[in-house]
**Student:** 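Structure incoming, see below.
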Amino acid sequence: RYVSSYAKVGGAFQRPGALSIGVGAKVPFYTREEIDLGYSTLVLNPEGRLSLFADMDIALGRYWSIAIGYDSYRFAKSDPVLLGSYIFWQPESTQDTLSLALRYRF
């Protein structure tokens, strides 16, 4: 199980009925990863790093639009945890997501 809480800040430009563009950054301030090993539960807390996001929505008419988005997560390597005779850690991790959506407004 992976839980992450973050603060997000950004800005947007909007031209109603035509276009909107938003960009910003987020910083995870709490991350917890629980791994069920069968005989024990391992808990890791990788530190969050500055991550970026952006989106653009282009109107295709009164009701339809197409949206393009980008989102990311960045995490540093977690502190090592000793469990039994093994040492575990979450390596430095990144996630980048691109999205494309066709939207209908009513």
**Student:** For the residue pair Phe88 and Tyr86, categorise the inter-ring angle as parallel (less than 30°), tilted (30 to 60°) or perpendicular (more than 60°).
**Tutor:** tilted
**Student:** Calculate, to the nearest 0.5 Å, the distance between atoms OG1 and OH belonging to Thr31 and Tyr73 respectively.
**Tutor:** 9.5 Å
**Student:** Starting at OG1 of Thr41, measure out to CZ of Arg1 and round the result to the nearest 0.5 Å.
**Tutor:** 9.5 Å
**Student:** Look at the side-chain heavy atoms of Ile, Leu, Val, Met, Phe, Trp and Tyr, link any pair under 4.5 Å apart, and say whether Leu102 and Ile68 land in one connected group.
**Tutor:** yes
**Student:** Got more than 12 heavy atoms from elsewhere within 6.0 Å of CD1, Ile87?
**Tutor:** no
**Student:** Val3, Val43: one ILVMFWY side-chain cluster at the under-4.5 Å cut-off?
**Tutor:** no
**Student:** Check whether Leu42 and Trp89 end up in the same hydrophobic cluster, where Ile, Leu, Val, Met, Phe, Trp and Tyr are linked by side-chain heavy atoms less than 4.5 Å apart.
**Tutor:** no
**Student:** If I take atom CG from residue Leu98 and atom CG from residue Leu100, how far apart are they, to the nearest 0.5 angstrom?
**Tutor:** 9.5 Å
**Student:** Grouping I, L, V, M, F, W and Y whenever their side-chain heavy atoms are under 4.5 Å apart, do Val81 and Tyr39 come out in a common cluster?
**Tutor:** yes
**Student:** Which is it for Ser78 and Asn45 under the side-chain contact (heavy atoms from CB on, under 4.5 Å) test, yes or no, and what are the steps along the way?
**Tutor:** CA-CA 6 Å; Ser78 71; Asn45 299 98; 5.9 Å; no
**Student:** Taking salt bridge (Lys or Arg N to Asp or Glu O under 4.0 Å) as the definition, give me every residue that meets it alongside Arg15, ordered by chain and number, with sequence neighbours left out.
**Tutor:** none
**Student:** Working to the nearest 0.5 angstrom, can you tell me the gap between Ser20 OG and Ile58 CD1?
**Tutor:** 9.0 Å
**Student:** How far apart are the closest heavy atoms of Tyr2 and Pro46, and which atoms are they?
**Tutor:** OH-CG, 3.7 Å
**Student:** Quick check: is Tyr6 connected to Leu44 through a chain of hydrophobic side chains (ILVMFWY, heavy atoms under 4.5 Å apart)?
**Tutor:** no
**Student:** Heavy atoms only: give me the nearest Gly17-Ala59 pair and the separation to one decimal.
**Tutor:** O-CB, 3.2 Å
**Student:** Take Thr94 and Arg49 through the side-chain contact (heavy atoms from CB on, under 4.5 Å) test and state the conclusion after the steps.
**Tutor:** CA-CA 10 Å; Thr94 63; Arg49 299 282 190 226; over 6 Å; no
**Student:** Quickly, which of Val23, Asp96, Thr97 forms a side-chain contact (heavy atoms from CB on, under 4.5 Å) with Tyr70? Name it, please.
**Tutor:** Asp96
**Student:** Going from CD on Gln90 to CD1 on Ile35, what distance comes out if it is rounded to the nearest 0.5 angstrom?
**Tutor:** 7.0 Å
**Student:** Could you measure the distance from the CZ atom of Arg74 to the CD atom of Gln95? Nearest 0.5 Å is fine.
**Tutor:** 9.0 Å
**Student:** Do Phe75 and Ser4 make a side-chain contact, defined as non-hydrogen atoms from C-beta onward lying under 4.5 Å apart?
**Tutor:** yes
